[in-house]
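A short worksheet on the structure shown next.
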Amino acid sequence: MRRFSACLGAALLLCVAFAPAAAEPRRVLLLHSFGRDFAPFSDFAAHFRELLVKQSREPIDLYEASVETARFKASFEDKALVEYLRALFAERRLDLIVTLGGPAAQFVQQNRPRLFTTTAVLMSALDQRRVDLAELTAQDTVVAATIDLSVLVDNILRLLPDTAEIAVPIGASPLEKYWVGEMPRELQRFTKRVKFTWWDELSLDRMRARAAALPARSAMLYFLITVDADGVPYEQDRALDDLHAVANAPIFGFAAGAFGRGIVGGPLLSNEQLAQRAVGVALRIFSGVTPGDIKTEPLGLGQAIYDWRELQRWGISEARLPGGSLVYFRSLTVWERFRWEIIWVVSVIVLQYGIIHWLLFERHRRRYAELESRSRQREVIHMDRATVAGALSASFAHELNQPLGAILSNAEAAEMLLGANRPDLDQVKAILADIRQADLHAANIIGDFRKLLKQTAEFELQDFDLNEAISGAMRMLSPEARKRGIVLRPNGMYAALPVRADQIEVQQVLLNLATNGMDAMGNSAPGARELAIETALNGSSEVEVSVSDTGTGIPKDKLKDIFKTFYTTKQQGTGLGLSIARTIVESYGGKIWAENRIGRGAVFRFTLPLAKPQAA
């Protein structure tokens, strides 16, 4: 056991001794040319930091410093910065120096003998023109860009072919002065077509004044403003923002970082792509590749992109954009933003319109059908009325003979009296009065008959006293009743019973029910034939009319069928009388029914609404 314990302890000591130490972070120094927040270098630095931390398998320890003197002088013998960096990394191994911009790269190259002679250096965020290839060591590599100035001007003239002047807002630092000397040489071929003006000797305030008063057919090519002629530094894109706020001409540029902040657009240099390349090189260096062996082609201007808002502001047609261009920040039209909502709303409206149109069409058809049905109904009602008149015509004729005979007799008597030597004038006056009375009686008979035969194209609604309609019906029934030996008995209320209906049609209902009752008493004994028409209030809103007879009554199994169309128990009947009576009553909001009387006979009842409620 002692030997086993000793062996186990020795094994544990060996494991501890040979266990891998925790991975040391990769220390990276980002050396800025002007400061951490100067565009477009700040845009590159942000992408580089993010991508390096994400893609590195080892922890990254980032440090940042700036060659502040690059803003004001071209010499980079900054002893204070060199001493600061040497002290910072005296006890820390520095794995990589990443320079951002030409001034920072020149600072490192100038101070190589005194600063990190064996540390790998990655020069980036600079144009390849700014790299001194002869001064590169085995520990140096370059990830550069190339800005084709002629492509930028070609883009301006393509979009604005009438351009006569291009102003170039640019700062006064040594780096910007370099470009003021470089750009005229590269743009020489455009000088016969367009005039170039350089604003490197202006303060930003004077640049703003110039930008607000540019002549017609002008454009601006914004390049870089880190420090103006008054020595005032401008971080980020503040200078561009100030110029864009007052510009009376479109602004173009080369850096993708400025896109969306006021430049029209075109082929631009992508700091994100440049940072992606630089991170790839840094990771290769971390893996052990010698920097001098890593060669990277300069990154040129990328695919043309344009700001739709600036195109609209300056009236630049999209038809002038080069093929394959991308347009960003486009304001969507109402159709593009709410396409499905509009389609849904329009669909609902169209559906509603279709439904409404269909409903109106059906309403028209129904209205037409109702009018047609009502016309046919009026014809049937008139035919029934004519049938009733035909049935009563013999009685009417007989009744009419009485006043006509009286008129004739009285006329003959008057002639005899007038032929006497001394006519009795008082007696003649009495005879003439009888003639006039007989004439009025005949006129009433003819008037009632004419009303019965009258055909109307539409209902003639009117307020009338129901008692008057019953009295008229009684007058028309009287001749036939006397002929058949039937006693007519009007019973009920004699106070006014106002209803709103067609008086002739209400009388037709009474005649149909009464003639039906008289027909039912054909086999009754001569002294037992009686027809009664009675009225009674049914509450305060309607009146009930009953027509009763002393006939044979209605079989119980037929009570529910007698109001059906074409149903009849008579050999010569049409089966329309009671059906038409029901139609007329119900058209005025009433009800009609039949029942057998206790003892002998039947009674037909119907109700009609009162025109005005009666007081209790």
Side-chain angles (χ1 to χ4, degrees), residues 373-374 376-392 452 466 469-470 473-474 476-477 480-481 484 486-492 499 501-502 504-525 528-536 538 542-609:
S373 174
R374 188 176 299 173
R376 297 291 180 265
Q377 180 180 317
R378 306 243 59 80
E379 293 178 3
V380 173
I381 291 173
H382 178 69
M383 289 174 58
D384 178 70
R385 196 180 301 162
T387 301
V388 173
L392 299 176
L452 194 58
L466 183 59
I470 295 174
M474 284 291 194
M476 287 184 274
L477 290 169
E480 185 68 19
R484 299 190 187 192
I486 298 173
V487 178
L488 295 179
R489 293 189 183 280
N491 299 316
V499 294
D502 187 311
I504 301 301
E505 289 192 348
V506 173
Q507 285 183 341
Q508 184 175 352
V509 172
L510 292 168
L511 292 175
N512 281 352
L513 298 179
T515 54
N516 191 72
M518 287 192 293
D519 290 342
M521 293 186 289
N523 297 325
S524 298
R529 299 173 185 176
E530 183 178 305
L531 184 73
I533 300 179
E534 301 180 24
T535 57
N538 190 0
E542 64 180 13
V543 60
E544 180 179 302
V545 181
S546 60
V547 179
S548 59
D549 61 68
T550 56
T552 57
I554 306 169
K556 290 184 178 180
D557 59 335
K558 305 299 183 183
L559 279 172
K560 62 180 181 180
D561 297 325
I562 59 175
F563 290 103
K564 291 183 178 179
T565 306
F566 303 121
Y567 179 83
T568 181
T569 58
K570 305 175 187 177
Q571 291 183 354
Q572 303 298 326
T574 62
L576 293 175
L578 294 178
S579 174
I580 289 173
R582 182 188 65 179
T583 300
I584 293 173
V585 170
E586 290 179 351
S587 69
Y588 296 124
K591 297 179 293 182
I592 188 170
W593 68 97
E595 56 190 31
N596 287 312
R597 299 174 63 189
I598 298 174
R600 183 176 178 83
V603 59
F604 288 84
R605 305 181 191 277
F606 69 89
T607 62
L608 288 175

State, yes or no, whether a side-chain contact exists between L559 and W593 at a heavy-atom distance under 4.5 Å.
no
Heavy-atom pair of closest approach, residues V499 and P609
CG1-O, 3.6 Å
Which pair of heavy atoms, one from M476 and one from Q507, lies closest together, and at what distance?
CE-OE1, 3.5 Å
Can you confirm whether L513 sits close enough to L578 that some side-chain heavy atom of one is under 4.5 Å from a side-chain heavy atom of the other?
yes
Considering all heavy atoms of both residues, which atom of E530 and which atom of T550 are nearest to each other, and what is their separation?
N-OG1, 3.2 Å
Going by the rule side chain to side chain donor-acceptor pair (under 3.5 Å), which residues pair with N538 if we only count those two or more places apart in sequence or in a different chain?
E542
For L488 and E480, run side chain to side chain contact (heavy atoms under 4.5 Å, CB included): C-alpha distance rounded to whole Å, both residues' side-chain angles, the deciding distance at 0.1 Å, then the answer.
CA-CA 10 Å; L488 295 179; E480 185 68 19; over 6 Å; no
Of all heavy-atom pairs between S548 and R597, which one has the smallest distance, and what is that distance?
CB-CD, 3.9 Å
Looking at K591, is its backbone amide N or carbonyl O close enough to the side chain of T607 to form a donor-acceptor pair, meaning the two atoms are under 3.5 Å apart?
yes
Which residues satisfy the side chain to side chain donor-acceptor pair (under 3.5 Å) test with E595, sequence neighbours excluded?
R605
Side chain to side chain contact (heavy atoms under 4.5 Å, CB included) evaluation trace for D549 with V603:
CA-CA 6 Å; D549 61 68; V603 59; over 6 Å; no
Can you see which heavy atom on L608 is nearest to which on V506, and at what distance?
CD1-CG2, 4.2 Å
Which heavy atom of N491 sits nearest a heavy atom of A532, and at what distance?
ND2-CB, 4.2 Å
Using the rule given for side chain to side chain contact (heavy atoms under 4.5 Å, CB included), can you reason through F604 versus I562, listing the C-alpha separation, both sets of side-chain angles and the distance that settles it, and then say yes or no?
CA-CA 11 Å; F604 288 84; I562 59 175; 3.7 Å; yes
Could you measure the distance from the CG atom of L511 to the CG atom of N516? Nearest 0.5 Å is fine.
12.0 Å
